[in-house]
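Lettering follows sequence order; numbering is per chain, from 1.
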Amino acid sequence: MTTIAPSQPARTALDLAPHPTLRDTVDQTLAMAWRAVKKMQRNFEQMFDVTIQPLLFTAMFAYIFGGAVAGDVDSYLPVIIPGLIGQTILTACVATGVQLREDMDKGVFDRFKSLPIARIAPLAGPALADMLRYFIATVLTFGVGIAMGYRPDALGLVAAIVLAVFAGWSIAWIFTWFGTVGRSAQGVQGISLMVMFPLTFLSNAFVPTDTMPTWLRTFADINPVSHVISAIRDLATDGQVTTDVAWAVLGCAAVVAIFLPLSVRSYSRKM
Amino acid sequence: MTTTPETDLAVAAAGLVKTFGAQRAVATVDLEVRRGEVFGVLGPNGAGKTTMLKMLATLLPIDGGEASIFGVDVRRQPHMVRQLVGVTGQYASVDENLTGRENLWLFGRLLGLSSSRASATAGELLERFGLSDAADKRISAFSGGMRRRLDLAASLISRPPLIFLDEPTTGLDPRTRGQMWDTIRDLVRDGSTVLLTTQYLDEADQLADRVAVIDRGRKVAEGTPDELKTSVGSSTLQLRMSQPVDTEHAAVVVRRVLSEEPVLTPEAGGLNVALVDANHAAEVLIALRQSGLSIASATVQKPTLDEVFMAITGHGAEDESTDLTLEVPA
Ligand SMILES: Nc1ncnc2c1ncn2[C@@H]1O[C@H](COP(=O)(O)OP(=O)(O)OP(=O)(O)O)[C@@H](O)[C@H]1O
Ligand SMILES: [Mg+2]
């Protein structure tokens, strides 16, 4: 500990960058994503919501509601599988925000804040890594569905997976924002669930919206989650790129455009 | 790219203020740290040391006043300030989920090093801080001292010209503490400027060229460690009388011999008095003997932080009951 340190230039005037460059920002985001992936590997119980949960839910929902909603399980699968993907991804998004809050309370975030790095990197890194979680959840749900007799279009399936992961990444910015605003992990969890439940259930995830009362149907029809689920249905089941796909992409982009800047701003304010 | 103005001051702060609700954690503190020196901020729990450091390190917004680091304005150019300062906080700020080596690699990458450069730097620093054997263990398996060292190593990756150390040795055993002191001296020899906080006068004494004493958010004294100590006498004589009833009488004797006001301690029969010269203790003991007063114990101690406080502020470091709005001479 007492060996001589590499000699330090006696700096009088330094060339300092006033802002991080785009290149720096990308590198820093990737480094933060690497950290998040390591964390996932080492805390595997945090993956239950995207592994065991979709397996159980898919089987349960299909068998319990199948007969009642669609007459039989087989004809319910094209409805429920995309619905469950939407629901599972929203749950995973809530975890993104809650875990960010928990993480920010740890000492290492003081170091991240004191380093000359882009303020977006500590938020965008985990968001990027969490795309892995949405991918696992989507693939598993489709997998269980196929095992139960669901027959999607092959190319459409790939497109649906891409859309689902993109939607997860986008919607997660809402919960990332809650994570940067909330005072405690429990608080963030509470608010997030309050937002997540209406987004999930006031949608076309489990039942067609035309049996809902008008006011409810209005909300369900503009709910971006409904559009994402319809888009996944159109892509995976019919292999068709419909206007719902465009609405889903547009809705997700709008969510990012609103909540990404809000998150970065509230994170930098807390410094 | 901009070039920082030439300045001899590593830290220049004027009228720094931080308010939490109704409480002023830092109330108009001025601070000047010269290039190449070790500057110690001395103060008891809750004095505002961490809060002040965090404001200077861009970790907390500055509520009032001005601060600059090597001439760069902290409020207006936080990204530039972050390139100049390495921060080792009071609580280790390393990632529990990663190993020591992974931590340093990650911080190296974030600081713009290539992957191979980051690995090489991590290896060098682990070696230098005696952490090579534990390098691939997770931080959760590190001892407190190891975390501290790793934390300091992490602050040195970019070789910043200014290093903040918040209570670098609190909770370390004496041997590790000595090692930390050596490391800090090495840093300064290599041209770094160090701003450290501490609760221990002896630490400030060992390391700091200049010291500011802060209490309840205010700077109450500033000077070299020697100047501070002279203000309280070079040491303290602590007496304990065999008969507590003798205390008053003993105080009279002490006052006569030293012309100093003794302080009665909370425990029965105890009194403390500052000594300009430790040899004066003998004269006090002789005078007590001649007055027929019997002592249970007598010790000569170097001044503690508490006594520095007592002398400078007129209240003890732990004394929470004193009026908070008390104005103290700076
Ligand atoms: N985030 C905060 N919110 C509210 N009050 C705070 C906050 N941080 C610090 N304080 C208060 O500000 C005062 C100064 O705290 P600070 O941590 O700066 O003291 P310190 O000198 O570092 O003490 P210690 O030696 O215990 O580390 C304390 O009274 C503390 O309770
Ligand atoms: Mg502190």
- Task: Ignoring hydrogens and angles, state whether a donor on the side chain of B:Arg24 or B:Thr19 is under 3.5 Å from an acceptor on the partner side chain.
- Result: no
- Message: For a quick check under 3.5 Å, do A:Gln28 and B:Arg109 share a side-chain donor-acceptor pair by atom type?
- Response: no
- Task: Measure B:Ser115 against the heavy atoms of chain A and call it side chain, backbone, both or neither at under 4.5 Å.
- Result: neither
- Pick whichever of B:Gln77, B:Glu102, B:Arg185 has the most heavy-atom pairs under 4.5 Å with chain A. B:Glu102
- Are any of the side-chain nitrogens in B:Asp186 or B:Arg189 under 4.0 Å away from the carboxylate oxygens of its partner? yes
- Message: Taking salt bridge (charged side-chain N to carboxylate O under 4.0 Å, His left out) as the definition, give me every residue that meets it alongside A:Asp24, ordered by chain and number, with sequence neighbours left out.
- Response: none
- Item | Polar side chain donor-acceptor pair, A:Thr96 to A:Tyr134, under 3.5 angstrom | yes
- Using only heavy-atom distances, determine whether the side chains of A:Thr176 and A:Ser263 contain a donor-acceptor pair under 3.5 Å. no
- Closest-packed option against chain A by number of heavy-atom pairs under 4.5 Å, given B:Val94, B:Ile139, B:Leu125, B:Asn103: B:Val94
- Query: Looking at B:Ala92, B:Ser155, B:Gly86, B:Ala57, which has the largest count of heavy-atom pairs under 4.5 Å with chain A?
  - Reply: B:Ser155
- Note on the structure: Of A:Lys38, A:Arg23, A:Met32, the largest count of non-hydrogen pairs under 4.5 angstrom with chain B goes to A:Lys38
- B:Ala154, part contacting chain A, at a heavy-atom distance under 4.5 Å: both
- For residues 131-146 of chain B, pull every pair meeting salt bridge (Lys or Arg N to Asp or Glu O under 4.0 Å), keeping only residues two or more places apart or in separate chains. B:Arg101-B:Asp136
- Does the side chain of B:Thr169 pick up a donor-acceptor pair with the side chain of B:Glu203 at under 3.5 Å? yes
- Task: Please collect all salt bridge (Lys or Arg N to Asp or Glu O under 4.0 Å) contacts where either partner lies in residues 49-69 of chain B, sequence neighbours excluded, each pair once.
- Result: A:Asp110-B:Lys54, B:Lys18-B:Asp63, B:Lys49-B:Glu167, B:Glu66-B:Arg75
- May I ask you to list the residues in residues 41-51 of chain A that approach chain B closer than 4.5 angstrom, counting heavy atoms only, ordered by number? A:Arg42, A:Asn43
- Note on the structure: Scored by heavy-atom pairs under 4.5 Å with chain B, the best of A:Ala121, A:Ala118, A:Ala31, A:Pro116 is A:Pro116
- Given a strict heavy-atom distance threshold of 4.5 Å, which part of A:Phe112 is in contact with chain B: side chain, backbone, both, or neither? side chain
- Task: Show your working on salt bridge (charged side-chain N to carboxylate O under 4.0 Å, His left out) between A:Lys39 and B:Glu96 and close with a plain yes or no.
- Result: CA-CA 9 Å; A:Lys39 199 165 150 245; B:Glu96 297 278 325; over 6 Å; no
